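Predicted model only: the values in this text are computed from it and were never measured. Just so we're on the same page: letters track the sequence lines, and every chain starts at 1.
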Amino acid sequence: MKNANHSDQPSFSIRVVKEATGLTERRIRYYETLHLLAPRRTQGNQRLYTQADIDRLKYIKSLLDHGVSLKEVRAQLQQEDLIAHDRDFDDVERDAESYFQGKLIARKAEIHRDSLYPLINRHEIMRRLVRDHTSGHEDTKGDQ
DNA sequence: CTTCTGACA
DNA sequence: TGTCAGAA
């Protein structure tokens, strides 16, 4: 069941996500409690997933299938989110350069210093998986 | 009928 | 993680 929202992205029910990722509903919801993703909700509290959520879950499954622990998956996703956030920051910085240049640069530096680099390239397997993922591959191996 | 939360094996 | 109950 694919729903097109007014001005938003297409959204999918948990059943569609389950079928698209090969994950069980149990696991999909469990990963949400771990803050690995945060789908929007309908007024009736039903989860609404985006294609990005589906890709993210496939990525998570891929890492788990390759023996990466949930803890490492969480750390890896956190780093990637920070990098993405950092890219957004570059855009914002460009647009608001004449206004908050100083503060934005300071904030970016803070992000880098605190947690952007330490975990990157920590594990060779992670590096390989990240490369495969960013080059557009999807793993569909089944697991428990 | 589908999905949600909480709880227990 | 699987599965079940009770509610929405």
Could you tell me which residues satisfy side-chain hydrogen bond (donor to acceptor under 3.5 Å, both in side chains) with Q46(A), sequence neighbours excluded, listed by chain and number? none
Length of the line joining E32(A):CD and dC4(B):P, which is rounded to integer Å: 8 Å
Look at the side chain of R29(A) and decide which nucleotide, out of dG2(C), dT5(B), dT2(B), has an atom nearest to it. dT5(B)
Side-chain H-bond candidate by donor/acceptor type, S62(A) with D65(A), under 3.5 Å: no
Whole angstrom value for the distance that separates P of dC4(B) from CD1 of I28(A): 10 Å
Measure from the side-chain heavy atoms of R41(A) and tell me the nearest of dT5(B), dT3(B), dG2(C). dT5(B)
Salt bridge check, E32(A) against R41(A): does any charged N sit closer than 4.0 Å to a carboxylate O? yes
Rounded distance in Å - CG (L34(A)) to C1' (dT1(C)): 12 Å
Can you see if the side chain of N45(A) gets near the phosphate of dT3(B) - specifically, an N or O under 4.0 Å from OP1 or OP2? no
Side chain to side chain contact (heavy atoms under 4.5 Å, CB included) partners of T33(A), counting only residues at least two apart: Y30(A)
Give a yes or no on whether the backbone of V17(A) and the side-chain of T21(A) come within a donor-acceptor separation of less than 3.5 Å. yes
Going by the rule salt bridge (charged side-chain N to carboxylate O under 4.0 Å, His left out), which residues pair with E19(A) if we only count those two or more places apart in sequence or in a different chain? R15(A)
What integer distance in Å separates Q43(A):CD from dC4(B):P? 16 Å
Can you name the atoms? Protein N/O to nucleotides 3-8 of chain C N/O, anything below 3.5 Å, with the distance.
residue, atom, partner, partner atom, Å
dT3(C), O4, R26(A), NE, 3.2

Expressed in angstrom and rounded to an integer, what is the separation of E25(A) atom CD from dG6(B) atom P? 16 Å
For dT1(C), does OP1 or OP2 lie under 4.0 Å from any side-chain N or O of Y31(A)? yes
Length of the line joining L23(A):CG and dT1(C):P, which is rounded to integer Å: 8 Å
So does T24(A) get a side-chain nitrogen or oxygen closer than 4.0 Å to the phosphate oxygens (OP1/OP2) of dG2(C)? yes
By salt bridge (charged side-chain N to carboxylate O under 4.0 Å, His left out), which residues pair with R26(A), not counting sequence neighbours? none
